[in-house]
**Q** 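What follows is a single structure, and I will ask about it in a moment.
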There are 2 protein chains.
Amino acid sequence: MLSKKTKYGIKALTFLAKQEGKSPVAIATISKSENISLKFLESILLTLRKNGILGSKKGKGGGYYLLKEATEIPMTTVMRILEGPISMVPCVSLNFYEKCDDCPDENACSVHSLMTKVRDNTLEIFRNTSLADLCNR
Amino acid sequence: MLSKKTKYGIKALTFLAKQEGKSPVAIATISKSENISLKFLESILLTLRKNGILGSKKGKGGGYYLLKEATEIPMTTVMRILEGPISMVPCVSLNFYEKCDDCPDENACSVHSLMTKVRDNTLEIFRNTSLADLCNR
DNA sequence: CACAAACCCTATAGATTTAGTAGATTAATA
DNA sequence: TATTAATCTACTAAATCTATAGGGTTTGTG
């Protein structure tokens, strides 16, 4: 299941991407428009900023804005920052790999092979979808 | 993330599928062979039985066995029983649909469209993979 | 009958998620 | 300079989920 954190994060990003110009948008504006709890959204935007997706401006007239063009932000990046591994099991993850305790031989594991297939497909989608693609509808 | 319940369930099922003949296999046997907590596995096999995947036999010489041929058990069925929805968001789910609280228009939602793509692809894999496919390696 | 196995119910520690609360800090503006 | 609007930080808390353990019951077989 996708966490609300990720869901809200994506919604906020598309909201920012749809903006004309690049002037900062206040959290409260996004929060109201997208029906997201303000304080929760605050922490989400913060992690997006800390991971180089967003820039921020403090004080009056401040807010958040995209650091790159929406076409230059692949969903793989967004998903990994917000949701973590794209793979459903750590032993299949490229960026968050972890060995299973119970599994003596990864290459003989039925779960491993199945989940590798799923990850490859999902990864392909996220790679080929940019933030800009989510705005066009 | 895939729950251990699902992971263990799949491992147990492939273990049963690999069995010669159809004689029941005791929980303890699977538990030891696959390094799965016995009591946890017990509850997993129980739900698989209640959902028509496994049969069971009580008493001495008892245990669990597949009710159908492994080739006749698609992974969609297994995943839905153990993990629940295949989709990452309820508003995209075919079998477990739920409307989002925050989203006024599903068709205008960026998350919705992205996750529909992911679901379609994942579903395709699970549909085309049977339990028997997981045993061949 | 005795035993071995599935079956069923309950509890629980720990983790994670989704917030809410309170306040500090920064920057623009009147 | 005082005010105000905004981000930033840290703590707390409720709710839910996960993985497992314990103990007792039932049922079938040898």
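All figures in this text were calculated on a predicted structure; none of them were measured in a lab. Order of the sequence lines fixes the chain letters, A, B, ..., with proteins taken first and strands second; residue numbering starts at 1 for each chain.
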**Q** Starting the side chain at C-beta, find the nucleotide from C:dG20, C:dA19, D:dG23 nearest to B:Glu42.
**A**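 That would be D:dG23.
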**Q** Given side chains that start at C-beta, do those of A:Pro90 and B:Met1 come closer than 4.5 Å, heavy atoms only?
**A**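 Counting from C-beta outward, A:Pro90 and B:Met1 do come under 4.5 Å.
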**Q** Please list, in numerical order, the residues of residues 46-58 of chain A that have a heavy atom closer than 4.0 Å to any atom of DNA chain D.
**A**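 Residues of residues 46-58 of chain A under 4.0 Å from DNA chain D: A:Leu46, A:Arg49, A:Lys50, A:Ser56, A:Lys57, A:Lys58.
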**Q** For A:Gly61 and for A:Leu2, find the nucleotide of DNA chain C with the closest heavy atom, then tell me which residue's nucleotide is more 5'.
**A**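 The 5'-side residue here is A:Leu2.
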**Q** When you get a sec, tell me which of D:dA6, C:dT18, D:dA19 is the closest nucleotide to the side chain of A:Phe40?
**A**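 Selected nucleotide (nearest to the side chain): C:dT18.
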**Q** Out of D:dA19, C:dT18, D:dG30, which has the shortest distance to the side chain of A:Lys4?
**A**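 Out of D:dA19, C:dT18, D:dG30, the nucleotide with an atom closest to A:Lys4's side chain is C:dT18.
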**Q** Is A:Ile27 touching bases, backbone alone, or none of the nucleic acid, heavy atoms closer than 4.0 Å?
**A**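 Touches sugar-phosphate only.
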**Q** So, OP1 or OP2 of C:dT16: does either fall under 4.0 Å of a side-chain N or O from A:Ser3?
**A**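 No, because none of the side-chain N or O atoms of A:Ser3 sits under 4.0 Å from OP1 or OP2 of C:dT16.
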**Q** Indicate yes or no: at least one non-hydrogen side-chain atom of A:Leu82 is less than 4.5 angstrom from one of A:Thr47.
**A**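 When only atoms from C-beta onward are counted, A:Thr47 and A:Leu82 do touch, with a gap below 4.5 Å.
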**Q** For the side chain of A:Lys60, starting at C-beta, report the closest nucleotide among C:dT29, D:dA19, C:dT18.
**A**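 Nearest to the side-chain atoms of A:Lys60, counting from C-beta on, is C:dT29.
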**Q** Has A:Tyr8 got a side-chain N or O lying under 4.0 Å from the OP1 or OP2 atom of C:dA19?
**A**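 A:Tyr8 to C:dA19 OP1/OP2: side-chain N or O found under 4.0 Å.
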**Q** Among D:dA21, C:dT18, D:dA5, which is the nearest nucleotide to the side chain of B:Lys39?
**A**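 Output: D:dA21.
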